[in-house]
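Below you'll find the structure, written out as structure tokens, and then a few comments.
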Amino acid sequence: MEELDVDPAETPIPGLGQQNRHIGFSWGPGDLLLYETLYQKQGSETAARCPFMYLVRSDEDIYSPVLRKLFNESHSIFVGLQKSAEENAGKSRKAQLVQVSRNYRSVLRACMEEMHALSESTREPSQNTKYISQISILSAMELSWNLCEILFIESAPAGPLLILLLDWVRLHVCEVDNIVQDVLRSERPTEHEKFWDGVTGYVLQGRMNEARQLLAKEASSSVSARSMCRVLDDLLKKMPMLNTAGTQTLTEFELKWQHWREECERHLQNGTFSSNPHMEVVCRVLVGDEEVILEKRDLMTTWYHFLVSRLLFKHPTVKPTELHFYAQSSLDMFLAGNSSPEPLDNILLAAFEFDIHQVIKEFSIVSSNWWFVAHLTDLLDHCQLFQAHNLYFGANMREFLLLDYASGLFSHHSLWQLGVDYFDYCPNLGHVYLELHMERVPLNTEKKALKALRICEKRQMTEQVRSICKTMAMQSLCNGRLGSALSWSIRAKDAAFATLISDRFLKEYSERGNFTDLDLIDNLGSAMLLSDRLTFLGKYREFHRMYSQEQFSEAASLLLSLMTARIAPCSFWLTLLLDALPLLEQKQVIFSAEQTYELMRCLEDRMAAKLDSTSPDEIQKQDSVDSTKIEMLRLALARNLARAIVTEGALQE
Amino acid sequence: MDDKFAAKFVSHKISRTRWRPVSASSLQQPDVFATGSWDNEENKVCVWATSDFGAISLEEEYQGDPKQLCDIRHIGDVMDMQFLDQERIVTASSTGTVTIFRHHENNQTLSVNQKWEQAHYHVGSNMRAPCTGIVCSSPEIVSVGEDGRINCFRAESRDVVRTIDDADSSTMHGVTFLRTTEILTVNSVGQLKLWDLRKQGNDPTQIFSVTGERVPLHCVDRHPNQQHVVATGGQDGMLCIWDVRHGKMPMSLLNAHKAEMWEVHFHPSNPDHLFTCSEDGSLWHWDASADTEKPTFIIGGRSTFNISRSSIAHTNANQSLACVWLSTDPTKGHLEITNLLPSSTLSVNSLDVLGQNLVCGTDAEAIYVTRRLFS
């Protein structure tokens, strides 16, 4: 068996699994159903059963109203990304991908802010801790995402790399800003105990201009230190920085930097700052004295800040490939064996090692939701990174994570619509997943059914279209809404079901003597051809309409054709023949002689068929009613025949 | 186009959005609207304010996010919603209930004012049937449902004033008033039915339909000034314009959206403009106000569309009074169509337009508001 990365967490469920009972379970799309059971090897007698069932959700985040915004907003970014990938692959692609990545991050940040506002407004401690833990997860996501963006998507070369890393640290470690705010608020900023912390903090983040502004305050307040301040200010001002525009070459920059550094060292050796320990510290930082930088760990708060500061003053032209070495050593130095690295540290370290796979794996273990890994993997896959890093399973991993994320969305009663688009962009299994999930969407209103249908029809999922229509048709039928049921079965092109419903209509007609739902039956149009029975229903109704509009001869020939073309079900023939009675009794002759012969044949066929199918006893029973009808029919037919022969004879002469 | 709209994600799928009417005497712009949600475990009716009351600069006011004033739980999906007057909202629920909510402006709360439970139910199984549409013209309220029943209520009385059972054999999706005593309904087999509420019996005065077609219709709206002009939208995204005085066929059929058209609205004070929204995620502005003399046909928006019209030659003696929607000549069409939400992917379920203001709600749990529609 493969080794587990971490031991699975145990989730105690209050009240379950006591008293030696066994636990039964059943998987749902995003949930687990647990119940107590008693499994006995022999004998089927079941002991006292537990009256409770437990629903365990693996992902609670999906039910948070704030995170729903994250899911919805990122959905549209995701779809936009997939569409843009189809449209243009090529130039300005990288800029576009960086923009997409930033969009994802800005959504994350918006969520964090909202969560923050909520946590401050709530008074309930349990709710508050929940918010705070979610904020910490979100901020970890944003931090790691940003680093991945720099390393993988921008894939900045030596030089610009450090500038991006500096931005990253400035964005995520805001300790120094708080310190400076406190300092500036005090009456005499320069005498504030943290004044120099502020200056050093700015220097450590490479924010030289801000550091100089603070320094100017010191210079203006104390005369004695003024000249020293000027020297330090000069050093800060002169510190060479690579500009992102890339107008200077790396060698040029390195030369300048070397000069500047030598100057700093000279000042240290000459003891320029020996009278002011604070300034000396700043200068030692400038020459990249690791010991001194490390002493300021409280200012940096994190090892990755230390890493970036260390790089800034010692290896400003660090290459991406060298990063992992510095990262590891910075982590070791920073922690100094006092504590072990946390999951987030491992994730960042993996990113510095350019081990995408490890980043994703670590995050999958930490977070309860697939949102982060699914979206990040997808984005990285669009950067063609997996091939570049010889991870040929990348596309599969992307799909696997997207499938899981989308399945999670489908387990939610409302977010399922978002999942559809994710499945669409999973080339291998997406379609199958979608089919299985669509069949399980509960349909409580027609509107929801229509939306589900549209999703299926757009993707040519004929089987699911049929299933949805059938579900709706069946529901309508159970509710006694024959018209709706018929409409649904026509939409599904379900001939068998249309026949069933047509029969119900005909049965109702023979019971009540009139049709219901005329508005529908009269407007069947070509849909009538779906099933024979439906055609018969439509035509039979047409006959009634003609009859009521006194178009007798058309009505008569339609009636006859219903029988001779064998569209009418056998059981209905007698009704049809009886319908012919009033036509036969009209003053003018409607059925011609030939038509009358046909009618007679139909009647005899019907009688013969009936004799074959029923036992003699039953005939006795039915006889009394039916025989009178049949006698009447025969009489009417004979009389009509006589009249027809006479009129037709008269016409010929 | 998109920057005209302020978007807000609200964490529930929106099924209906409606502006609160402004009193006729005031020249105020509407600034309060209501939304209803659907398909949530717990659905809600919310009331929102668009403008920051403290906002000074005009620009800020436009961009200002809508702020939620209050909300109340709604049992079942909100299938339809309309303001009865300034402070009362009528909703149709998927549980068959019609509810009137009252919005108390002084303390910003919502409460249930009146409720007709199980106004819609299936006779066959005694199950509740979703109420799919309502229309009100104070104090009258008319509701239609999947049970094919039309109910008439009065806001003050607890009883159902009138019920037309088996008014339709299929589901009715929408209803609107034509005149004070006449209503129009659309159903899922493509019929537009005209009912006179004074008449006894269960039969409509007239049935209109596209011959040979059974494409379900989802929405209906009447021209605000010329009451015989009616627009409907259907499952295939087609916009139909009908003249209920003439014939049983639509005057024109316009190919529009790629999927179900969920709502159509004439602009209430500027009826040469029409707005439609659809399952395909688009929100269209149809502008027929362009000078008829110009034979230009401007294709707006970023979506492609074509126009096919099977209009029946309609000669109106009094051309100057004829409505642009009826007299449109297919050969020199002058409709300008703009997709107002080009980037949206999930269904736009509802829209409402009043003055310079438009609000719409989507399945992506977002509401979009603009307060300068024509600028």
Side-chain angles (χ1 to χ4, degrees), chain A residues 63-73 75-76 78-80 83 107 110 114 412-418 420-421 442 444-448 450-451 453-455 457-458 475-488 490-491 516-527, chain B residues 9-13 15 37-41 76-77 79 94-95 121-127 129-130 132 146-148 166-171 173 187-191 193 203-204 207 209 211-214 216 218 235 258-260 262 279-280 343-347 349 362-366:
Chain A
Y63 292 91
S64 145
V66 180
L67 291 180
R68 274 177 82 157
K69 296 178 187 181
L70 173 69
F71 300 142
N72 273 296
E73 281 196 77
H75 166 261
S76 70
F78 173 83
V79 173
K83 281 191 180 148
V107 175
E114 189 168 350
H412 190 273
H413 49 84
S414 185
L415 292 172
W416 59 275
Q417 274 173 301
L418 298 180
V420 176
D421 285 309
N444 47 353
T445 64
E446 283 200 13
K447 188 154 182 184
K448 191 168 174 184
L450 288 171
K451 279 176 185 275
L453 259 186
R454 175 60 64 181
I455 288 168
E457 279 176 352
K458 207 171 147 192
Q475 265 181 27
S476 305
L477 194 65
C478 293
N479 289 328
R481 300 274 302 145
L482 286 183
S484 274
L486 187 59
S487 300
W488 280 110
I490 289 173
R491 178 139 188 202
T516 54
D517 302 340
L518 284 181
D519 53 346
L520 176 74
I521 302 172
D522 281 346
N523 286 291
L524 280 174
S526 58
Chain B
F9 286 84
V10 295
S11 297
H12 44 254
K13 292 196 276 192
S15 59
S37 75
W38 79 284
D39 202 24
N40 230 354
E41 257 175 359
D77 295 348
M79 303 291 284
S94 62
T95 58
Y121 64 95
H122 293 293
V123 181
S125 59
N126 236 340
M127 295 276 282
T132 52
E146 282 187 17
D147 54 355
D166 284 321
D168 207 308
S169 55
S170 51
T171 296
H173 289 301
N187 70 9
S188 63
V189 292
Q191 294 166 330
K193 293 184 181 178
D203 295 316
I207 299 180
S209 67
T211 333
E213 298 266 6
R214 302 170 30 85
H218 290 301
Q235 179 177 283
K258 289 197 281 284
E260 286 87 352
W262 291 128
E279 176 74 20
D280 66 9
S343 59
S344 172
T345 51
L346 286 182
S347 169
N349 290 326
T362 71
D363 273 347
E365 308 189 342

task: Test B:His173 against A:Leu450 for side-chain contact (heavy atoms from CB on, under 4.5 Å), laying out the working first.
output: CA-CA 12 Å; B:His173 289 301; A:Leu450 288 171; 4.3 Å; yes
task: Please examine the side chains of A:Gln417 and B:Lys13, heavy atoms only from C-beta on, and report whether any two atoms are closer than 4.5 Å.
output: yes
- prompt: Between B:Glu41 and chain A, which part of the residue has a heavy atom less than 4.5 Å away: side chain, backbone, both or neither?
  reply: both
- request: Please determine, among B:Ser37, B:Gly124, B:Ser125, the option with the most heavy-atom pairs under 4.5 Å with chain A.
  value: B:Ser125
message: Is it the case that the side chain of A:Ser414 and the backbone of B:Asn40 share a donor-acceptor pair, with hydrogens and angles ignored and the cut-off at 3.5 Å?
response: no
query: Where on B:Asp39 is there a heavy atom nearer than 4.5 Å to chain A: the side chain, the backbone, both, or neither?
result: both
- prompt: Within the side chain of A:Arg68, is there an N or O that forms a donor-acceptor pair under 3.5 Å with the backbone of B:Glu365?
  reply: no
task: With a 4.5 angstrom heavy-atom cut-off, could you sort out which part of A:Ile490 is near chain B: side chain, backbone, both or neither?
output: side chain
task: Please name all residues satisfying side-chain contact (heavy atoms from CB on, under 4.5 Å) with A:Asp421, sequence neighbours left out, ordered by chain then number.
output: A:His75, A:Val79, A:Asp424, A:Arg459, B:Leu346
query: Can you tell if the side chain of B:Thr132 reaches within under 4.5 Å of the side chain of A:Glu446, non-hydrogen atoms only?
result: no
- prompt: Looking at B:Thr345, B:Val189, B:Asp168, which makes the most heavy-atom pairs under 4.5 Å with chain A?
  reply: B:Asp168
Greatest number of heavy atom pairs closer than 4.5 Å to chain A - which of B:Lys193, B:Gln235, B:His12, B:His218: B:Gln235
task: Using modelled atom types only, decide if a donor and an acceptor are shared between the side chain of A:Arg481 and the backbone of B:Ser170 within a distance under 3.5 Å.
output: yes
- prompt: For A:Thr445, which residues count as a side-chain contact (heavy atoms from CB on, under 4.5 Å) partner, sequence neighbours excluded?
  reply: A:Lys447, A:Lys448, B:Asp77, B:Met79, B:Ser94, B:Pro130, B:Glu146
